[in-house]
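Here is the structure we will look at, set down as structure tokens.
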Number of protein chains: 2
Amino acid sequence: MKISYKGDYALKTLLELALSYNKGVVSIHNLARKGDIPVKFLEQVLLTLKRGGFVDSKRGISGGYFLTKPPEKITVGEAVRFIEGPIEPLACAVRDSYDECKDFSGCVFKELLDQVYTATSLVIDTATFAELARRVNARQTERRDCTYSI
Amino acid sequence: MKISYKGDYALKTLLELALSYNKGVVSIHNLARKGDIPVKFLEQVLLTLKRGGFVDSKRGISGGYFLTKPPEKITVGEAVRFIEGPIEPLACAVRDSYDECKDFSGCVFKELLDQVYTATSLVIDTATFAELARRVNARQTERRDCTYSI
DNA sequence: ATAATCATGACTAATATAATAGACATTATA
DNA sequence: TATAATGTCTATTATATTAGTCATGATTAT
């Protein structure tokens, strides 16, 4: 699995919206500023997330984006898979396409990379944005000297 | 982690050489045929592996490639890291560069993706080519109706 | 009305990936 | 020692992906 900028931006944005869940909409502009993301690129990411059913928007002045589901019901895995596509390390190891490949040496690598896939899935499919938001809040009250920039 | 064609070819080739360890050299042509790899591309991969110290070669007629170390001493992780570069899912999560990023939301993702990295490493760094070769041999004696093609 | 906001498609530049082409070097062996 | 089979090396090409930018249109709170 590799996270592209698009995926990184999507994750950051979903987390930001999770932090604002039930507190009204957040404008693209604010999301871009918070995440240090180019506005026009973020527009694309948000439209993708909207088509994926992760977020919805309110148009016009005082419009913005919001999560369609409570953060407890959105996992990092869902988001990553939706944005990045299949996360299997090898194309031929993608689930439900096993029969295709009859290569001996391929098979032993597929076994191995399937273990990688399983271990990865365990981590990202059990992490929800609610939990991530909780951690962020915990840290902010701790008041570490962190600023908001990459 | 994502395995490119180059990485895939490198892994296949190292496994093939592991199967022939202590049985003389294997020519590029044979390696290409066995792995269904474009010959000229495989040349590059082999040169890379040679520069990385994984294989060595004998030139001239009846020349070819061979492993420089016993397959027990070569892990899949070493090979993947050498060919593909850092396998961390996020560039900013690469080990020893933690201090750089002070982004809050980034931090919680880094924690998570570090778990992915650790789980992945556990799998690929403990798998040796000797073990993979053993499995291939075990299957070939089982005589499943597998042919050598992707 | 109008300003702020979301919506969309076309376009571009940079980079990485996957492969191809061709000249050159080495060496077993007939 | 000629030669054919092999490895070595550099350069080039084609394609895909990534990370954006640009221009324009649609919606709506005020």
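Chain naming here is simple, since letters A, B, ... match the order of the sequence lines and numbering starts at 1 in each.
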Worksheet item: Are S62(B) and dA5(D) close enough that a side-chain N or O sits under 4.0 Å from OP1 or OP2?
Response: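 For dA5(D), OP1/OP2 do not have a side-chain N/O of S62(B) under 4.0 Å.
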Discussion item. With a cut-off of less than 4.0 Å, is there a side-chain N or O of K50(A) near OP1 or OP2 of dA7(C)?
Written reply: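 Yes.
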In whole Å, I'd like the distance from the [atom1] atom of [X] to the [atom2] atom of [N].
{"X": "H29(B)", "N": "dG7(D)", "atom1": "NE2", "atom2": "P", "value": "10 Å"}
{"X": "K58(B)", "N": "dA5(D)", "atom1": "NZ", "atom2": "C1'", "value": "12 Å"}
{"X": "F66(A)", "N": "dT5(C)", "atom1": "CZ", "atom2": "P", "value": "16 Å"}
{"X": "N30(B)", "N": "dA5(D)", "atom1": "CG", "atom2": "P", "value": "14 Å"}
{"X": "I28(B)", "N": "dA25(C)", "atom1": "CD1", "atom2": "C1'", "value": "13 Å"}

Worksheet item: V123(B) and L112(A): which non-hydrogen atoms are nearest, and at how many Å?
Response: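 Taking V123(B) first and L112(A) second, the nearest heavy atoms are CG1-O, 3.7 Å.
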Practice prompt. Identify the two heavy atoms, one from V55(B) and one from T68(B), that lie closest to each other, and give their separation to 0.1 Å.
Written response: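 Shortest heavy-atom separation between V55(B) and T68(B) comes out as C-CG2, 3.4 Å.
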Fill in: Closest-nucleotide 5' rank along DNA chain C - winner of L46(A) and I61(A)
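The residue mapped nearer the 5' terminus is I61(A).
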Discussion item. Classify G63(B) by what it touches in the nucleic acid, base, sugar-phosphate, or nothing, heavy-atom distance under 4.0 Å.
Written reply: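 Answer is sugar-phosphate: G63(B) comes under 4.0 Å of backbone atoms only.
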Worksheet item: Which part of the nucleic acid, if any, lies within reach of L47(A) when heavy atoms closer than 4.0 Å are counted: base, sugar-phosphate only, or nothing?
Response: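 The residue L47(A) makes base contact.
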Quick check: is [Y] connected to [X] through a chain of hydrophobic side chains (ILVMFWY, heavy atoms under 4.5 Å apart)?
{"X": "Y117(A)", "Y": "L122(B)", "result": "no"}
{"X": "I28(A)", "Y": "V25(A)", "result": "no"}
{"X": "Y5(B)", "Y": "V39(B)", "result": "yes"}

Worksheet item: Mind checking whether F66(B) and Y21(B) have ring centres under 6.0 Å apart?
Response: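 Distance test on ring centres: not under 6.0 Å, no.
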Polar atom pairs between nucleotides 16-23 of chain C and protein, under 3.5 Å, N or O only, would you list them?
residue: dA18(C); atom: OP1; partner: Y5(B); partner atom: N; Å: 3.2
residue: dA18(C); atom: OP2; partner: Y5(B); partner atom: N; Å: 3.2
residue: dA19(C); atom: OP2; partner: Y9(B); partner atom: OH; Å: 3.1
residue: dT20(C); atom: O4; partner: Q44(B); partner atom: NE2; Å: 2.3
residue: dG22(C); atom: O6; partner: K40(B); partner atom: NZ; Å: 2.3

Practice prompt. Go through dT28(D), dT8(D), dA28(C) for me and flag the one nearest to the R59(A) side chain.
Written response: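 Closest nucleotide among those given: dT28(D).
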Worksheet item: Parallel, tilted or perpendicular: which fits the ring planes of F41(B) and Y9(B), with parallel below 30° and perpendicular above 60°?
Response: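 Judged by the thresholds at 30° and 60°, the geometry between F41(B) and Y9(B) is perpendicular.
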